[in-house]
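These values consider heavy atoms only, across backbone and side chains, with no hydrogens, waters or symmetry-generated copies. Keep in mind that what you see is a predicted model, and the values were worked out from it rather than measured.
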Amino acid sequence: MRRQLAVLALLLSAGCGLPLPHGVEEPGPVNAQQPVDGGDIQVLPPGPRDDASADDIVRLFFGAQSDPADRHASAREFLAPELRQRWHDDGPVSVVGSGLQVEPADPAADAFRVSGDLVGSIGADGSYSPGRGRIDVLVRVRKGARGRWVISGVPDGLLLSTADRDRSFRPRNVYFLAPPLGTSAGVHLVPDQVFLPLTSDSADALVRRLVEGPSHQLGDSAQTAFPPGTTVRSVTTSASGLVTVDLSDQVTRVGAEQLRRMSAQLVWTLRGNPGGFSQLRLRSGGHDLAVERGGSRVVLQDRTDWASYDPDGLPADVPLYFVGGARLRVLDPSGASTDAASGSLQVDAGAASPRGGALALLSHYAGGDELRTGPATGPFRLRATGRSLSSPTWGSGERGVFFLAGGRLMLAPPRGPVVAVPVDGLTAYGRLWALRVSRDGVRAALVVGSGPTRRLLVGRLLDHGGLRVVGLRDVAPGLTDVRDLSWDSGTSLVVLGRLSGVLAPVRVVVDGSSVALVSKLGLERTTPLTVAAAPGEPVLVGVVAGRSSEVLFRDSGRLYVPVDGVSGGSPFYPG
């Protein structure tokens with residue numbers, strides 16, 4: 001069957017390197033939070049041919065790297081016998097966005113230079129990093145048995161197209177702890193998206209990756225409950241989905257609260273196991289560990305446990321707010337809208353805390369702007385004034401409300417005066433124009449620049465002797481004219497911007513591994529201005545059509561449709 005598919009696979013592998021339309025950074029309409037695993041049918045790459053030329057052998061070798069089975073056994077067939085076991089397929093993973101070029105480097109020495117346009121890489125910790133530039137490697141060949149060309153020298157690691165990356169790896173979330181803030185709010189988790197090999201045992205790979213600690217993308221902005229030196233003895237999964245995790249002896253010495261937090265990290269991480277997960281049995285040195293849960297001690301933990309650690313912290317019925325007639329209003333699931341408790345205040349923009357339900361109300365007056373905060377029922381206390389206040393966002397809500405004042409990032413904490421929050425490296429990108437903090441309170445998405453050149457950056461919040469934003473990354477270079485943004489999960493944003501010439505909502509995974517239109521139908525005769533997103537909730541877009549005032553459109557799954565009977569715009573979910 002393998003050789004019967006060889007010709008078809010060769011055609012497909014050649015097609016993987018076709019250049020993308022200008023501005024499209026990554027293909028794929030699939031939400032990276034819910035990846036589609038491969039089906040039963042898999043097209044295998046062709047093996048080496050005795051009559052293949054030396055440069056064809058080099059091309060076919062890199063095409064065969066799309067098959068990860070048996071430590072990339074298909075690719076190893078192209079290597080000289082002495083190299084097959086020495087070549088490390090678990091080395092660096094470089095992702096190229098167009099076909100590889102294979103050119104003679106030194107005909108006398110039978111060497112070829114392989115180059116391509118780099119669009120990203122997968123690190124040893126599984127984190128994806130977008131990148132731009134050229135990749136250039138030297139490959140040496142020699143004549144082997146039966147006169148067939150074999151590869152005698154090649155660097156460790158993989159060179160994959162974006163399509164091959166998705167055939168070889170799957171994005172998964174592993175969960176860490178948000179840093180403690182000394183408030184009454186409970187501890188919650190932070191997702192860290194990593195790419196794991198498709199051929200690995202998923203539960204084992206997830207647990208081992210979790211125990212290693214946060215990836216460099218998340219860094220020390222999150223914490224782990226696993227004590228230093230913890231190692232994984234074994235991970236097994238039963239037919240019923242019971243995952244047994246046996247850890248080293250360090251775990252037996254932790255307290256009850258630390259054990260609960262470790263359990264929460266494990267349960268939330270194992271929920272992403274495609275092989276199925278129903279219960280967790282946690283062990284240390286082969287002995288069961290009883291975990292305190294709901295006033296009792298249990299050995300078996302369910303996949304639904306530790307709901308209070310939810311990174312998003314949203315209520316069961318997520319409210320949608322919008323501004324209509326200079327008043328804050330709420331749209332309920334039935335489609336009816338009511339006034340929120342903003343009293344007689346003029347409201348031009350707002351934000352709601354996902355934890356505790358506090359509101360931030362922004363008013364634009366002729367004499368200057370005013371920002372007020374308070375509980376959902378009021379009253380609202382004046383926190384800041386100025387001539388260019390914008391982008392109120394609570395994040396997790398525990399630190400207070402973030403906002404922009406004259407292009408500077410500010411924070412109005414629950415108590416005390418407003419403080420400035422430095423953004424490291426911002427001067428290289430231009431003026432800060434808009435901001436949203438993720439609901440786990442760890443990541444910050446920024447819009448920088450002006451007009452059509454506005455772009456998206458993602459950084460993380462770090463509090464080491466003072467709160468600041470660090471690690472800015474340009475995760476969607478092909479996305480321009482960015483006008484608004486909203487977090488739809490802890491690792492994904494919906495951004496209103498222009499992609500391939502289309503102005504529409506675009507879903508951007510926080511590491512830049514996927515950038516794709518949510519939908520572009522239904523908004524053709526409108527000008528989108530604002531966007532709102534939340535986990536499991538429809539995307540809302542505030543638009544103007546002609547000379548009319550702003551109105552709301554909802555994503556119905558296939559296209560955007562007007563929200564009947566609602567007059568207003570600037571929608572937002574808590575966050």
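Residues satisfying the side-chain contact (heavy atoms from CB on, under 4.5 Å) test with S388, not counting sequence neighbours, are none. Residues satisfying the salt bridge (Lys or Arg N to Asp or Glu O under 4.0 Å) criterion with R261, sequence neighbours excluded, are E257. Looking at residues two or more places apart in sequence or on another chain, you find a side-chain contact (heavy atoms from CB on, under 4.5 Å) between P214 and F176, D192, L218. Considering only residues two or more places apart in sequence or on other chains, F572 meets the side-chain contact (heavy atoms from CB on, under 4.5 Å) condition with Y321, L328, A352. Legend: residues meeting side-chain contact (heavy atoms from CB on, under 4.5 Å) with S221, ordered by chain and number and at least two apart, are V442, R460, L462.
Under the 3.5 Å distance criterion, the side-chain polar atoms of Q258 are matched with a main-chain donor or acceptor of A225. For the pair S486 (side chain) and A533 (backbone), a donor-acceptor distance under 3.5 Å is present. Looking at D312, its side chain never comes within 3.5 Å of a backbone N or O of R439 through a donor-acceptor pair.
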Fill in: Chi angles and distances behind the side-chain contact (heavy atoms from CB on, under 4.5 Å) call for L210, F226
CA-CA 9 Å; L210 173 65; F226 293 90; 3.8 Å; yes

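Y128 carries R165 over the face of its six-membered ring, with the cationic atom under 6.0 Å from the centre and within 45° of the normal.
In this structure, R408 places its CZ atom where only 12 or fewer heavy-atom neighbours from other residues, nucleotides or ligands lie under 6.0 Å away.
Side-chain atoms of V174 and R172, non-hydrogen and from C-beta on, never get closer than 4.5 Å to each other. In this structure, W394 and R355 have side chains that are not in contact, with every pair of non-hydrogen atoms separated by 4.5 Å or more. Looking only at side-chain heavy atoms (C-beta outward), H188 and S396 come within less than 4.5 Å of each other.
With rounding to the nearest 0.5 angstrom, the CH2 atom of W268 is 6.0 Å from the OH atom of Y175. With rounding to the nearest 0.5 Å, the separation of CG in N173 from OG1 in T491 is 4.5 Å.
For residues 416-430, the set of pairs meeting the salt bridge (Lys or Arg N to Asp or Glu O under 4.0 Å) definition, not counting sequence neighbours, comprises D424-R468.
Using modelled atom types and a 3.5 Å distance limit, the side chains of S513 and D511 yield a donor-acceptor pair.
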